[in-house]
Amino acid sequence: MYSEKVMDHFQKPRNVGEIEDASGVGTVGNPTCGDLMTIYIKVEDDIITDIKFKTFGCGAAIATSSMITEMAIGKTIEEALKITRNDVADELEGLPPVKMHCSNLAADALRAAIDDYKKKNQDNK
Ligand code: FES
């Protein structure tokens, strides 16, 4: 039911944890299942130099957030904003349809972290 890539990221999730002096933090909940996801980003010169996640979510949520951290690191803020829910699922070689909502959690949390970063940056100007 799950691709090898999903299983790999589920069993060996990358970038788990938190960043204490994060530039932006985003937490979102999934209304469908009640699971939670937090993404922390560190931004330097408009580039995401570090990213970590923590989740109270299912295996698919763990795999998608692990995947999205790998996709976002090294990207500019604008590039990272272009990562869609479907991009993450595609990169994982597909998710079962009933699990597609789990990939939303990762993409939405990344967006929320970027919004938080932008807001904080505006305040500093
Ligand atoms: Fe909740 Fe997947 S079932 S995130």
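Counting convention: from 1, in listed order, for ligands and their atoms alike. Just so you know, these numbers use all the heavy atoms, side chains as well, and skip hydrogens, waters and symmetry mates.
Remark: the backbone N or O of Leu36 is paired with a side-chain donor or acceptor of Thr55 at under 3.5 angstrom.
Excluding waters, the set of protein N, O or S atoms lying under 2.8 Å from atom 2 (Fe) of ligand 1 comprises Cys58 SG, Cys102 SG.
No side-chain N or O of Ser103 forms a donor-acceptor pair with one of Thr64 less than 3.5 Å apart. Between Thr32 and Asn30, the side chains place a donor N or O and an acceptor N or O closer than 3.5 Å (distance only, hydrogens not considered).
Applying the salt bridge (charged side-chain N to carboxylate O under 4.0 Å, His left out) test to residues at least two apart or on different chains, the pairs with a partner in residues 21-37 are Asp21-Lys42. Among residues at least two apart or in separate chains, salt bridge (charged side-chain N to carboxylate O under 4.0 Å, His left out) pairs with a member in residues 88-109 are Arg85-Asp108. The salt bridge (charged side-chain N to carboxylate O under 4.0 Å, His left out) pairs that include a residue from residues 44-67 are Glu18-Lys54, Asp50-Lys52, where partners are two or more places apart or lie in different chains.
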